[in-house]
Amino acid sequence: MDENLSFGREDCRAELQCIGLRIAYFRRLKNMTQMDLAERVHINKNYLSHIESGSANKAVSLPLLIKISRALDVELAILLDLNDVHHKNFGEFVRDMRNTFEELKQLNSELDKMKEQLDTED
């Protein structure tokens with residue numbers, strides 16, 4: 001067996017953390033709690049927490065990732081996109097995700113205010 005192809009969990013830690021961060025990001029974007037998402041995909045909330053932090057002790061199955069992507073209404077390819085991990089250091093990736101999340105929260109808040117104004121005008 002090619003030694004380059006044999007690796008353990010530690011060898012893919014950044015990738016697992018990236019996938020977990022994306023799941024947490026889209027879950028929050030949908031205003032879902034960990035409990036909400038865990039119940040929708042029929043897993044324990046603690047297991048979901050470990051998946052989101054990239055520290056799950058057991059492998060995350062492809063069927064579970066598909067269920068999560070469907071529950072979040074996000075393409076599986078987006079959850080599994082690892083280009084950012086390989087082109088940036090992981091700290092930069094995390095900062096970018098947090099900044100994007102904050103920008104979207106602000107945009108959602110502004111849209112909510114606009115909707116309220118439109119509703120009061122009717």
Side-chain angles (χ1 to χ4, degrees):
M1 180 176 193
D2 185 349
E3 286 184 38
N4 293 331
L5 295 179
S6 100
F7 57 90
R9 178 167 175 60
E10 289 302 316
D11 295 320
C12 56
R13 184 161 216 60
E15 288 86 348
L16 294 171
Q17 288 176 328
C18 176
I19 293 167
L21 278 171
R22 287 182 184 278
I23 291 169
Y25 170 79
F26 287 107
R27 175 182 57 76
R28 290 180 182 135
L29 195 60
K30 301 284 184 180
N31 293 318
M32 295 174 73
T33 65
Q34 284 183 332
M35 184 60 80
D36 294 334
L37 181 56
E39 287 176 353
R40 289 184 76 177
V41 298
H42 308 291
I43 61 173
N44 181 289
K45 178 195 162 293
N46 291 332
Y47 182 40
L48 177 60
S49 176
H50 288 295
I51 292 170
E52 288 185 355
S53 68
S55 65
N57 289 330
K58 59 182 182 177
V60 180
S61 70
L62 183 56
L64 177 56
L65 289 172
I66 292 169
K67 284 183 185 180
I68 290 171
S69 74
R70 287 179 180 168
L72 295 173
D73 195 27
V74 174
E75 293 289 327
L76 181 62
I78 292 172
L79 291 182
L80 301 179
D81 180 5
L82 301 174
N83 289 324
D84 291 336
V85 171
H86 299 294
H87 294 134
K88 300 179 182 179
N89 71 43
F90 195 67
E92 269 184 75
F93 170 74
V94 171
R95 277 191 301 280
D96 288 350
M97 286 289 285
R98 284 187 182 138
N99 289 339
T100 301
F101 181 65
E102 290 304 317
E103 290 170 9
L104 286 171
K105 275 184 13 184
Q106 183 177 357
L107 179 60
N108 282 339
S109 175
E110 291 171 11
L111 288 171
D112 287 343
K113 288 177 187 172
M114 289 172 63
K115 183 183 179 302
E116 285 176 24
Q117 287 176 342
L118 289 172
D119 289 344
T120 58
E121 290 176 4
D122 288 338

Let's go through L16 and V60 carefully: what are the C-alpha distance in whole Å and the side-chain angles of both, what is the deciding distance for side-chain contact (heavy atoms from CB on, under 4.5 Å) to 0.1 Å, and is it a yes or a no? CA-CA 9 Å; L16 294 171; V60 180; 5.7 Å; no

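Scored by the side-chain contact (heavy atoms from CB on, under 4.5 Å) test, N46 finds N44 as partners (sequence neighbours excluded). Taking the side-chain contact (heavy atoms from CB on, under 4.5 Å) definition, one finds that K45 meets it with Q34, M35, A38, sequence neighbours left out. Listed by chain and residue number, K113 satisfy the side-chain contact (heavy atoms from CB on, under 4.5 Å) test with S109 (two or more places apart in sequence, or in another chain). Considering only residues two or more places apart in sequence or on other chains, R70 meets the side-chain contact (heavy atoms from CB on, under 4.5 Å) condition with I66. For S49, there are no side chain to side chain donor-acceptor pair (under 3.5 Å) partners, not counting sequence neighbours. In this structure, E116 has no side chain to side chain donor-acceptor pair (under 3.5 Å) partners at least two apart in sequence or on a different chain.
For the pair I19 and L65, the minimum side-chain heavy-atom distance is below 4.5 Å.
For residues 26-35, the pairs satisfying salt bridge (Lys or Arg N to Asp or Glu O under 4.0 Å) are R27-E52, with sequence neighbours left out.
Shown are V74, L79, L80; of these, the side chain to side chain contact (heavy atoms under 4.5 Å, CB included) with R22 is made only by L79.
Taking both residues in full, the closest heavy atoms of A59 and Y47 are given as O-OH, 3.5 Å, listed atom of the first, atom of the second, then distance. Scanning both residues, D36 and N31, for their nearest heavy atoms gives OD2-O, 4.4 Å.
With respect to D119 and K115, a salt bridge is recorded, a charged nitrogen being found less than 4.0 Å from a carboxylate O.
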